[in-house]
Amino acid sequence: MITGMGGHMTLFLIVTLNGLTLAALYFLAASGFSLIFGLMRTVNMAHGALLLLGGYVGYSVVDTTGSWALGVLSGGLAAAFAGAIVQAGVLGWMQGDELRQTLASIAISIIMADLMLWYWGGLTYQVELPEALSGGQRLPVLGVGYANIRLALMVFALVTGLALWFLIQRTRLGAVIRAGVDDQDMLRALGFPINRIFILVFALGGLLAGMAGVIAASALSIAPGTDLQFLLSSLVVVIVGGMGSVGGAALGALLVGLAEQYGLAYAPTYGAVFTFAIMVVVLAVRPQGLLGRAEK
Amino acid sequence: MATDALLRIDGLDLHYGSSHVLHGVNLQIGDRPLGILGRNGMGKTSLCRTIMGLHPNSAGRILFEGSDISGLPPERRAQAGLGYVPQGRRIFRSLSVEEHLRIVARKGGNWSIDRVYETFPRLKERRRNLGDRLSGGEQQMLAIGRALLLNPRLLVLDEPTEGLAPAIVSDVVDLIGKITTEGIAVLLIEQNLHAALAAVDDVAIMVGGEVVETMTADALDNDQAMQKRHLGLEPGQAGKGE
């Protein structure tokens with residue numbers, strides 16, 4: 001860690017990189033949450049459980065097959081499937097009753113957490129990394145060393161963000177989803193079966209959460225409680241960034257991730273306060289979130 | 001009116017919370033375009049929304065092409081051939097003009113995106129613009145164009161002339177005439193008596209959630225007393241609907 005720039009600078013760079021890493025994870029977790037929130041006004045409190053499920057499934061698949069890519073994919077698909085079932089089987093029956101949905105999703109998250117505890121136990125898991133992603137890099141220009149997996153995570157979040165943006169802004173399905181965010185009743189009156197679109201979006205949110213879970217399990221680690229950690233961060237990210245907007249989720253994740261790491265490094269006693277201070281300020285000044293649009 | 005009406009509404013009741021909004025509404029719509037007139041708050045928009053399935057009716061039946069659709073969700077009614085141009089137009093603010101049309105357009109059928117652009121050249125010029133960047137008239141054209149792309153059997157228009165400049169109002173009236181000649185039935189809710197009388201053949205008058213009179217447009221045109229009694233037509237009376 002000895003560089004020409006001195007310890008302070010190195011610490012700052014490392015903390016910043018850690019903040020970006022965390023932001024990338026928060027973005028992956030929160031983007032699906034935000035999509036669901038924006039379209040259906042459903043606060044899916046089981047989103048963290050979907051993420052943890054994806055992480056566990058990914059761990060087991062990598063453990064069995066040895067393929068990390070397959071692990072990320074299966075973790076994502078498992079959570080996508082679980083998300084579709086949550087919407088089709090439970091939350092879809094109470095559409096329009098947001099409080100009931102929120103409470104039901106809390107129940108689902110507790111049940112899922114217990115089932116996962118029963119199956120995977122209370123251990124902390126870390127997914128074994130493929131050759132290419134293990135080890136570290138000395139970064140050019142900055143001159144600090146950093147773990148490959150964390151760098152890959154940032155790239156992955158960036159690519160996912162762009163893909164999601166493309167899906168929402170440039171495809172027909174994306175246009176239908178945006179129309180649903182704007183005016184559900186009108187979309188139905190134009191012949192769109194909103195329930196099927198809801199299930200699809202829940203699956204998409206689950207896919208993002210599940211992949212985030214496997215990646216969290218690779219870059220960091222997962223254990224019982226990881227679900228609540230990411231649920232909480234997703235809530236804060238969406239409140240700060242604005243619901244239903246990919247850009248908002250990205251901005252919110254950046255602010256929250258960086259604030260958390262700077263807080264931890266420079267003011268450990270008050271570390272946790274920064275995140276919530278940001279949230280309080282945003283709620284006071286711009287309640288719809290930084291990039292969110294006010295309701296009509 | 002024909003006995004085999006396209007849309008037939010029998011004893012339709014609507015409760016909205018604790019208030020009783022529609023009281024046994026009876027209506028029939030066949031080939032002749034029908035206008036529904038009435039003052040503010042008489043239940044006209046509620047009737048539209050109930051026909052489309054956006055409010056569940058508490059009693060009565062809605063028969064469309066002979067089958068009861070009152071249990072169907074809005075999307076099934078739209079697929080069955082009910083086109084809806086709602087009050088306030090309800091354009092999706094984050095979709096461009098082109099996207100509005102593209103999500104609704106289907107292969108085959110009378111109406112295509114190109115034909116909507118031919119009918120409303122203004123929309124073609126504005127096709128990259130987002131919904132909330134359009135003028136009221138442009139939004140109205142888009143709302144009608146998007147409903148027509150469903151190739152509906154019946155088009156329900158809820159105050160399409162509201163807030164529009166007089167020249168555009170007459171465009172809308174002409175368009176309704178054109179739609180009718182294509183064999184699309186029209187149910188037109190209006191506050192603007194003159195626009196309604198120019199666009200439709202028959203009128204029904206709603207008062208207090210009930211249809212109290214049904215007559216031809218010409219008969220209402222010549223009945224000043226009726227206009228005054230039920231529509232209270234003094235200048236400046238027209239305004240926002242319920």
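Order of the sequence lines fixes the chain letters, A, B, ..., with proteins taken first and strands second; residue numbering starts at 1 for each chain. Keep in mind that the numbers below use all heavy atoms, side chains included, and drop hydrogens, waters and symmetry copies.
One distance of note links CD1 of A/I177 with OG of B/S94; it measures 11.5 Å at 0.5 Å rounding. Rounded to the nearest 0.5 Å, atoms CZ (B/R93) and CG (A/D183) are 10.0 Å apart. Put simply, OG on B/S96 and CZ on A/R178 are 7.5 Å apart, with the number rounded to the nearest 0.5 Å.
Within the 4.5 angstrom heavy-atom criterion, no atom of B/R76 approaches chain A. In this structure, chain A has heavy atoms under 4.5 Å from both the backbone and the side chain of B/L95. Heavy atoms closer than 4.5 Å to chain A are found in both the backbone and the side chain of B/I103.
When each of B/G53, B/P74, B/A78, B/P73 is checked for heavy-atom pairs under 4.5 Å with chain A, B/P74 comes out on top. When each of A/V181, A/L187, A/I194 is checked for heavy-atom pairs under 4.5 Å with chain B, A/L187 comes out on top.
Scanning both residues, A/M186 and B/R90, for their nearest heavy atoms gives CG-O, 3.6 Å. Annotation for A/G191 and B/Q79: closest pair O-NE2, 2.8 Å, computed over non-hydrogen atoms. In terms of heavy atoms, B/Y84 sits closest to A/A189 at CD2-CB, 3.7 Å.
Counting heavy atoms of neighbouring residues, nucleotides and ligands inside a 6.0 Å radius, atom CZ of B/R115 exceeds 12 of them. The environment of A/R286 atom CZ is dense: over 12 non-hydrogen atoms of other residues, nucleotides or ligands sit within 6.0 angstrom. When the shell of 6.0 Å around CZ of A/R196 is examined, it contains 12 or fewer heavy atoms from other residues, nucleotides or ligands. When the shell of 6.0 Å around CG of B/D31 is examined, it contains 12 or fewer heavy atoms from other residues, nucleotides or ligands. Other residues, nucleotides and ligands contribute at most 12 non-hydrogen atoms within 6.0 Å of the CZ atom of A/F81.
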Applying side-chain contact (heavy atoms from CB on, under 4.5 Å) to B/F92 and A/V176, what does each step give before you reach the verdict? CA-CA 10 Å; B/F92 303 118; A/V176 172; over 6 Å; no
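Of the charged side-chain nitrogens involved, at least one lies within less than 4.0 Å of a carboxylate oxygen, so that B/R49 and A/D185 count as a salt-bridged pair. Ion pair B/E99/A/R172 not flagged as a salt bridge, since none of the NZ, NE, NH1 or NH2 atoms sits closer than 4.0 Å to an Asp/Glu carboxylate oxygen.
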